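For reference, the structure is listed below as structure tokens.
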Amino acid sequence: SGNYNMQQNMQQNSGLNVNQGGYAIFCYNIGNNATERTLWQLFSPFGTVQKVNVIMEPGKGICKGYGFVTMTNIQEAQNAINHLNGFYFQGRPLQVSFKT
């Protein structure tokens, strides 16, 4: 289909994998109290956030300390990484990078 070719071209042009039409960002050291809402609020000033996934401790209702944010636009994603990597969030320096 035409959509498949478009995604292939986007992959070749960007050098990054297109994941559901977005760019996945790994966000580490977000603390045990982080929620999808707080991560959304952290990243949304930099552009369109498609999806947020905070990894929870099974049965405990607390965050394992990391999550993933998917952004639509690669420039916005890179800008968010540039600004948020090393940014202090809830007293901890964030580690933010493209998901490899």
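Everything quoted here is computed from the prediction, not taken from an experiment. What you see below is based on every heavy atom in this structure, not just the backbone, and it leaves out hydrogens, waters and symmetry mates.
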Expected output: side-chain [X] to main-chain [Y] donor-acceptor under 3.5 Å:
X	Y	value
Gln95	Asn29	no
Asn79	Phe46	no
Thr38	Ala34	no

Query - Within one Ile-Leu-Val-Met-Phe-Trp-Tyr cluster: Ile55 and Val96, side-chain cutoff 4.5 Å - result: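 No; Val96 is not reachable from Ile55 via cluster members.
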Query raised in the report: Can Leu94 and Ile30 be said to form a side chain to side chain contact (heavy atoms under 4.5 Å, CB included), step by step?
Result: CA-CA 6 Å; Leu94 294 178; Ile30 57 177; 3.7 Å; yes
Query raised in the report: Between Phe26 and Tyr66, what is the ring plane arrangement, given parallel below 30°, perpendicular above 60°, and tilted in between?
Result: tilted
[X] [atom1] to [Y] [atom2] distance, which is reported to the nearest 0.5 Å:
X	Y	atom1	atom2	answer
Asn33	Cys63	CG	SG	8.5 Å
Thr70	Tyr23	OG1	OH	11.5 Å
Gln78	Met71	CD	CE	11.0 Å

Query raised in the report: Any chance OH of Tyr28 has more than 12 other-residue heavy atoms, nucleotides or ligands included, within less than 6.0 Å?
Result: no
Query - Any Asn73 side-chain heavy atom under 4.5 Å of Thr48 side chain - result: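 A side-chain contact under 4.5 Å is absent here.
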Report task. Start with the C-alpha gap between Val69 and Lys51, add the side-chain angles, then the distance that decides, and say whether side chain to side chain contact (heavy atoms under 4.5 Å, CB included) holds. Result -> CA-CA 6 Å; Val69 176; Lys51 191 170 74 172; over 6 Å; no
Requested in this report: Give the intermediate values and the outcome of side chain to side chain contact (heavy atoms under 4.5 Å, CB included) for residues Ile62 and Met56.
Outcome: CA-CA 6 Å; Ile62 59 168; Met56 302 301 276; 5.5 Å; no
Query raised in the report: Taking the six-membered ring of Phe68, is the NZ or CZ of Lys99 close enough (under 6.0 Å from the centre) and on axis enough (within 45°)?
Result: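 Here Lys99 passes the 6.0 Å and 45° test against Phe68.
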Requested in this report: Begin from the C-alpha positions of Cys27 and Leu39 and carry the test side chain to side chain contact (heavy atoms under 4.5 Å, CB included) through to its verdict.
Outcome: CA-CA 9 Å; Cys27 194; Leu39 265 196; 4.0 Å; yes
